[in-house]
Amino acid sequence: QVQLTESGGGLVQAGGSLRLSCKAPGRTYSGPAMGWFRQAPGKEREFVAAIDWSGTNTNYRDSVKGRFTISRDNARNTVYLQMDSLKLEDTAVYYCNTVRLPTNPIGPWGQGTQVTVSS
């Protein structure tokens, strides 16, 4: 079991950008595949993006392709989600988790980080 901590959420206008971070404990981390998920009010949690252990292979849900970029820095035990061209429908609590590729979360959920996009 790995304790993950999400950060970087906030309020942003449509068209703006945010970068989310997901950090695991430790100093050097050759971790498992990781993913970002989100849950909007009244809706089910959904897959957003995933990245493999090497950081070279990624996949995204269709609605964020070309706008979001997932990356990882194993030396810093951190996974990132760069979100550009944000839309109102991106508003949600964002969570990270270990994943069984391609999109299946397998670890415990943390508290997430709130992303709110305004007009």
Side-chain angles (χ1 to χ4, degrees):
Q1 185 177 14
V2 178
Q3 183 177 356
L4 304 172
T5 302
E6 301 97 338
S7 63
L11 275 65
V12 63
Q13 286 191 315
S17 298
L18 287 172
R19 188 176 76 159
L20 308 183
S21 297
C22 171
K23 194 174 191 313
R27 298 294 179 269
T28 303
Y29 189 62
S30 297
M34 299 292 297
W36 285 96
F37 303 79
R38 66 187 182 187
Q39 187 169 26
K43 296 182 173 61
E44 296 295 317
R45 185 154 31 211
E46 65 184 17
F47 167 78
V48 177
I51 187 166
D52 73 355
W53 68 270
S54 70
T56 60
N57 301 118
T58 60
N59 60 282
Y60 303 87
R61 71 178 299 110
D62 286 345
S63 63
V64 308
K65 288 180 179 177
R67 301 189 298 119
F68 291 10
T69 304
I70 188 171
S71 62
R72 70 190 299 165
D73 185 342
N74 287 337
R76 302 180 72 144
N77 298 333
T78 304
V79 180
Y80 304 97
L81 185 68
Q82 177 67 43
M83 306 184 295
D84 298 320
S85 302
L86 282 161
K87 303 176 179 180
L88 268 62
E89 53 263 42
D90 295 319
T91 295
V93 178
Y94 284 70
Y95 303 87
C96 64
N97 209 329
T98 53
V99 303
R100 179 180 296 109
L101 292 174
T103 64
N104 304 293
I106 59 174
W109 297 108
Q111 293 188 6
T113 185
Q114 176 72 50
V115 172
T116 303
V117 184
S118 68
S119 59

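Side chains of L20 and M83 form a contact here, defined as non-hydrogen atoms less than 4.5 Å apart. Between L88 and S119, some side-chain heavy-atom pair lies under the 4.5 Å cut-off. Counting heavy atoms from C-beta outward, W36 and E6 have side chains that approach closer than 4.5 Å. At a threshold of 4.5 Å between non-hydrogen side-chain atoms, the residues C96 and V79 do not count as touching.
Counting all heavy atoms, side chain and backbone alike, I70 lies closest to M34 at CD1-O, 4.1 Å. A pairwise comparison of heavy atoms in P102 and A50 identifies O-CB, 3.6 Å as the closest pair. Here the closest heavy-atom approach between residue G55 and residue D52 is recorded as N-OD1, 2.9 Å. The two residues S17 and D84 come nearest to each other via the heavy atoms OG-OD1, 2.7 Å. Between A92 and A40, the closest heavy-atom pair is CB-N, 3.8 Å. Y95 approaches G110 most closely through the heavy-atom pair CE2-O, 3.4 Å.
Residue-environment remark: CD (Q111) stays at or below the threshold of 12 foreign heavy atoms within 6.0 Å.
Taking CZ of R19 as the start and OG1 of T69 as the end, the distance is 11.5 Å to the nearest 0.5 Å. Annotation: the span from K23 atom NZ to Q3 atom CD amounts to 11.0 Å, rounded to 0.5 Å. Rounding to the nearest 0.5 Å gives a distance of 13.5 Å between CZ of R72 and OG of S21. Within the model, atoms CZ of R38 and CZ of R61 stand 6.0 Å from one another, a figure rounded to the nearest 0.5 Å.
Ring geometry for Y94 versus F68: interplanar angle of 30 to 60°, hence tilted.
Of the residues listed (V99, N97, V64, T103), the one engaging F47 in a side chain to side chain contact (heavy atoms under 4.5 Å, CB included) is T103, and it is the only one. Partner of T91 under the side chain to side chain contact (heavy atoms under 4.5 Å, CB included) criterion, out of L86, V12, V117, V115: V117 alone.
Of the possible polar contacts, one joining the T78 side chain to the R76 backbone as a donor-acceptor pair under 3.5 Å is found.
Cluster annotation: W109 and L4 are assigned to distinct hydrophobic clusters (Ile/Leu/Val/Met/Phe/Trp/Tyr, side-chain heavy-atom contacts under 4.5 Å, transitive).
A salt bridge does not link K87 with D90: every distance from a Lys NZ or Arg NE/NH1/NH2 to an Asp or Glu carboxylate oxygen is 4.0 Å or more.
Judged by the 6.0 Å distance and 45° axis criteria, R45 is not positioned over the aromatic ring of F37.
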